[in-house]
Protein chains: 2
Amino acid sequence: MTDTAPRRRARGQRPPTIIDVAEHAGVSRGTVSRVLQGGHNVSPAARDAVNAAIRKLGYVVNRAARSLVTQRAGCVAFLLSETQDRLFGDPNFTTLLTGCTTALGEHDIPLILITAGTEAERRRVTPFLSTHHVDGVLLISSHRGNPMIDHLRQANLPFVCCGKPLGERGALSYVSSDDHEGARTMVRYLLESGRKRVATITGPLDTPGGLERLQGYRGMLAEHGIAYDERLVAHGDYTRASGDAGMQQLLTAAPDLDAVFVASDLMADGALAAIERAGLRVPDDIAVGGFDDSPVATAVHPPLTTIRQPWTRISEMMVRQLLAQIHGEGPATVILPTELVVRESA
Amino acid sequence: MTDTAPRRRARGQRPPTIIDVAEHAGVSRGTVSRVLQGGHNVSPAARDAVNAAIRKLGYVVNRAARSLVTQRAGCVAFLLSETQDRLFGDPNFTTLLTGCTTALGEHDIPLILITAGTEAERRRVTPFLSTHHVDGVLLISSHRGNPMIDHLRQANLPFVCCGKPLGERGALSYVSSDDHEGARTMVRYLLESGRKRVATITGPLDTPGGLERLQGYRGMLAEHGIAYDERLVAHGDYTRASGDAGMQQLLTAAPDLDAVFVASDLMADGALAAIERAGLRVPDDIAVGGFDDSPVATAVHPPLTTIRQPWTRISEMMVRQLLAQIHGEGPATVILPTELVVRESA
DNA sequence: CTGAAAGCGCTTACAG
DNA sequence: CTGAAAGCGCTTACAG
């Protein structure tokens, strides 16, 4: 912080303090503070006088002073522990981030954005977090074995993950859409539309979305008495290119496939391209089902039939869970239902 | 902040304070503080002792306490004053945001993300900003007449805009890529490749990118002695759909066009779709030039020849300018060069 | 170069 | 229900 050294504000333009409010309302600072805290143990008359003074003077609490005495930061971190490239193409990220900002804003809690995709960044971030510069953390990461989880636990800092953290033991809060059921819904839809050979392109298997959507696919096939066929399964990494490559592989290994469930819309876009190059039509020859209902779903031709993830609700629940933990509640898992969105690709 | 009330930390797990460091190093608190501020007026022996104690104890400054006495927040806001939808599809946004976070991180300055796309949000945000809860603002908005600019000026808060704010008078800091020259470069490239009838699809004309890229297009045509032809100009809003519609309009109004300069890659993707539906080939029949070099540029077929915007440098310069202003420097304008990236579409 | 001390703006037991 | 007062952890003139 040597970087923000000089020039304290001139006396004249200093915002009003609690003392100004107290004088104006004819009460003590303690009473003003009590009104600020919710007005318990304050007479209606005093409360009204204080509120009037606050409005009159345009008083806004000085968070640094409050923070110093309460030993709480009064703000929350949005901690991005993915490398940047993973996010660049991901429109869900923006939705999640602005959703969390808005949900926190309603509680008047500022959000601090922190990136920790590299080891160097993590070294810088850890002391900041463990010295309680934030009251809690919204943790964004999808891959197995995120070292930040241990750091946060050691610092005894409340946190809630976006999506189920893989390979963690012990209680831990996360909010996730129902990947498993979402996948089942899509595969059921494809089968009930009369498709016989349903393939899939998965996400990375060290992510919950990769793993659980594949399990949902397998489970629904089994329920329909269809044996699992490895030739019908390709693995992607959520990029468009990997969807393209995966589809190419599937078309070679199983030329008789008539449907494909792709674990993300972006990969589905790639799959569409591969299908088109192969001279096949969607949905006539091959039905394509995506996952996410991200903006690409409606940008491609034909528009994707897909599974909608409730990102706004996810952000809201993450914030709610985090605040509950900050207030002393224990961790909890929240699973939110997804929704089938039928368009033209299947 | 009634929301983060209870449970102050137990005495035992409190982080070490400057007093602990002072005792450990055998000096006064004042001396520790001076070392923290850069070590001026401190003997080498004392400095070493303090630094050793800091390392030993894992001391990290309490920012709330510092902030209270220095009257500075020690953090900076990233203020998003666009409605959400504008951002959802925009991959540049993520680059800019993480770029700013990283650049600030190198100065140990946290970034607070604030959204103010609606009037209701602005009402909540303004008191927060004008009571100096941040030392400065990175202002993201592209449309003419952003009310936040007036609020920031009234609050006397340093700020730097991303892109040139249209219709503002008076000195004001902004960082922008050279839209005008970028457009000129693309149009020159198309003309020098032998194209004769170069059309354009613009961005919204109340944004600097919409306006200046169109001016660059007109200017370069004029330099080649080509008269401006309204039938060769369509207006979009940076969405993929508007690029598609714009291209359709151009193909009707000027069926003889053999190139099109599209003011964003996303719109260029839409244009590609319209061209394909018309049964024409890219680049054989029509050369397509984009703008941004965003991830879509390489995701589409054929990959786009485009103008690269230096988003990482833009974020770095925004941060640098903002810190300079916080330190008392006056406003400045920074224009960064763009780069022609030749791929297959032109 | 260094220490002692005031003070930043709040909250919160403690008395009453 | 209310006021007086201690104290949160720092920085910064002020003396020396």
Side-chain angles (χ1 to χ4, degrees), chain A residues 1-11 13-50 54 57 59-74 131-133, chain B residues 1-2 4-11 13-50 53-54 57 59-74 131-133:
Chain A
M1 298 289 0
T2 27
D3 289 282
T4 52
R7 275 208 327 185
R8 48 168 59 193
R9 249 163 290 131
R11 188 88 212 171
Q13 54 177 316
R14 274 218 197 134
T17 73
I18 209 174
I19 297 190
D20 301 315
V21 174
E23 280 176 4
H24 211 87
V27 298
S28 72
R29 284 139 66 207
T31 299
V32 176
S33 184
R34 278 176 217 114
V35 173
L36 255 27
Q37 303 308 312
H40 305 300
N41 294 351
V42 180
S43 67
R47 181 163 43 224
D48 291 349
V50 168
I54 286 176
L57 301 174
Y59 170 79
V60 175
V61 70
N62 179 321
R63 283 163 187 261
R66 170 180 286 174
S67 188
L68 183 57
V69 39
T70 59
Q71 303 279 35
R72 324 183 106 260
T131 47
H132 298 269
H133 282 97
Chain B
M1 299 287 3
T2 26
T4 52
R7 276 211 321 187
R8 46 169 59 195
R9 251 164 287 132
R11 188 88 212 172
Q13 53 176 315
R14 271 212 201 142
T17 72
I18 208 174
I19 297 191
D20 301 315
V21 175
E23 280 176 5
H24 211 87
V27 299
S28 71
R29 284 139 66 207
T31 299
V32 175
S33 184
R34 277 176 216 114
V35 173
L36 256 26
Q37 302 308 311
H40 305 300
N41 295 350
V42 180
S43 68
R47 180 162 45 224
D48 291 348
V50 168
I54 287 176
L57 300 173
Y59 170 79
V60 176
V61 70
N62 179 321
R63 282 163 187 260
R66 170 181 286 174
S67 188
L68 183 56
V69 38
T70 58
Q71 303 279 32
R72 323 183 106 263
T131 47
H132 297 271
H133 282 97

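Naming: A, B, ... by sequence-line order, numbering from 1 per chain.
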Are side-chain heavy atoms of A:T131 and B:N62 found at a separation under 4.5 Å? no

Out of D:dG9, C:dT11, C:dA6, which nucleotide sits closest to the side chain of B:R29? C:dA6

Specify the residue among B:A65 and B:S28 whose closest nucleotide of DNA chain C lies further upstream toward the 5′ end. B:S28

Taking CD1 from A:I54 and P from C:dC10, how many angstroms apart are they, rounded to a whole number? 10 Å

Does a side-chain heavy-atom distance below 4.5 Å link A:V42 with A:T31? yes

C:dG9 C1' sits how many Å from B:R72 CZ, rounded? 18 Å

Check whether any side-chain N or O of A:T70 sits under 3.5 Å from a backbone N or O of A:R66 as a donor-acceptor pair, and report yes or no. yes

Can you tell me which nucleotide in C:dG9, D:dT11, C:dT2 comes closest to the side chain of B:Q37? D:dT11

Interatomic distance at P, C:dC10 relative to C:dC14, whole Å: 24 Å

Which nucleotide in the list C:dC8, C:dT11, D:dT12 gets nearest to the side chain of A:V61? C:dT11

Can you find a side chain N or O atom of B:S43 that sits less than 4.0 Å from OP1 or OP2 on C:dT2? yes

Can you find a side chain N or O atom of B:T31 that sits less than 4.0 Å from OP1 or OP2 on C:dC1? no

Nearest-Å distance, CG (A:N62) to P (D:dC10)? 16 Å

A:I18 CD1 to D:dG3 C1', in whole Å, measures 13 Å

Heavy-atom nearest nucleotide on DNA chain D taken for A:A46 and for B:L68; more 5' hit belongs to A:A46

Check the distance between C:dA5's C1' and B:I19's CD1 and give it to me in whole angstrom. 13 Å

Any non-hydrogen side-chain atom of B:P15 less than 4.5 Å from a side-chain atom of B:V60? no

If you assign B:A64 and B:R34 each to the DNA chain D nucleotide with the nearest heavy atom, which residue ends up on the more 5' nucleotide? B:A64

In whole angstroms, the gap separating P of C:dG16 from CG of A:N41 amounts to 18 Å

So does B:T17 get a side-chain nitrogen or oxygen closer than 4.0 Å to the phosphate oxygens (OP1/OP2) of D:dG9? no

Between D:dT11 atom C1' and B:R63 atom CZ, what is the distance in whole Å? 16 Å

Under a 3.5 Å cut-off for both distances, is D:dA15 Watson-Crick or wobble paired, and to whom? C:dT2

Does some side-chain heavy atom of A:V35 sit less than 4.5 Å from a side-chain heavy atom of A:V27? no

Pairwise P distance, C:dG9 and C:dA13 [rounded to whole Å]: 23 Å

Measure CZ/A:R66 against P/C:dT11 and give the value in whole Å, please. 5 Å

